[in-house]
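Before any comments, here is the structure.
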Amino acid sequence: MSKRRWSKFWWQDYERDPALRLCSLAAQGLWMRLLCLMHEAEPYGHLCVNNQPLHPRQLALMLGVSERQINRLMAELRNAGVYSTTPQGSIYSRRLLRDKAASDQGAAWGRTGGNPNLKTGAAAPTSAAGVQSGAQSGAQSGVFQAARLAVCLAVRLAVAPRPITSRGRGAPYSPP
């Protein structure tokens with residue numbers, strides 16, 4: 001079982017995948033089921049159980065369809081270029097592997113305090129005596145605090161709860 005309990009699923013990417021859209025609805029449904037299996041697999045994103053690739057007969061047993069139907073739908077997915085295979089013959093999802101790499105990179109950055117491209121790391125200017133000049137850093141700090149407060153207020157106003165009305169008549173909704 002995968003350590004990943006959830007993953008981001010971009011609905012628009014699934015819907016707009018031209019290779020997948022060339023496939024029948026049955027093949028698209030099979031691909032979604034295979035994505036679920038690959039999410040739980042080790043290694044992540046590969047269609048395998050216990051590090052062994054799954055064969056059409058095993059997939060047919062797992063999914064409750066005939067082996068002939070699995071072979072036909074897998075050929076359709078393969079011909080459309082929906083999935084890739086390793087040299088050992090294991091099917092994998094390129095998208096799941098890219099998403100895993102991005103997730104692992106984000107986790108590594110989180111352990112070190114965040115994305116190094118976004119961290120400033122610059123120290124406040126110091127005087128000849130080695131003391132930080134408080135006037136400049138204090139003024140900058142005040143400006144940044146004011147800007148931060150303005151953004152927080154704007155966000156709060158944008159997402160402020162509004163009363164729920166019943167049938168657009170202005171009366172507050174009351175649960176039954």
Contacts of Y92 that satisfy ring pair (Phe, Tyr, Trp, His ring centres under 6.0 Å) - sequence neighbours left out:
H46
Heavy-atom nearest pair, C48 first then A41, reads O-CB, 3.5 Å
Where at least one partner belongs to residues 52-79, residue pairs that pass side-chain hydrogen bond (donor to acceptor under 3.5 Å, both in side chains), sequence neighbours excluded
S24-E76
Which is it for L37 and L59 under the side-chain contact (heavy atoms from CB on, under 4.5 Å) test, yes or no, and what are the steps along the way?
CA-CA 10 Å; L37 291 172; L59 283 173; 4.1 Å; yes
With sequence neighbours excluded, what pairs up with A19 under the side-chain contact (heavy atoms from CB on, under 4.5 Å) test?
D17, V82
Does any part of the side chain of L47, heavy atoms only, come nearer than 4.5 Å to the side chain of P53, both counted from C-beta?
no
Are L61 and V65 connected in the hydrophobic side-chain network, where two residues link if heavy atoms are under 4.5 Å apart?
no
Residue pairs passing the salt bridge (charged side-chain N to carboxylate O under 4.0 Å, His left out) test where at least one lies in residues 87-97, sequence neighbours excluded
D13-R95, R95-D99
How far apart are the closest heavy atoms of Y44 and L97, and which atoms are they?
O-CD2, 3.1 Å
Results of side chain to side chain donor-acceptor pair (under 3.5 Å) for Q88 - residues two or more places apart only
T86
Is the backbone of E15 close enough, under 3.5 Å, to the side chain of R21 for a donor and an acceptor to pair up by distance?
yes
Nearest heavy-atom contact between P43 and N51 is CD-OD1, 3.2 Å
Could you pull out all donor-acceptor pairs under 3.5 Å where a side-chain atom in residues 28-36 meets a protein atom, sequence neighbours excluded?
unit_1, atom_1, unit_2, atom_2, d
Q28, NE2, L20, O, 3.4
Q28, NE2, C23, O, 3.0

Within one Ile-Leu-Val-Met-Phe-Trp-Tyr cluster: L22 and I91, side-chain cutoff 4.5 Å
no
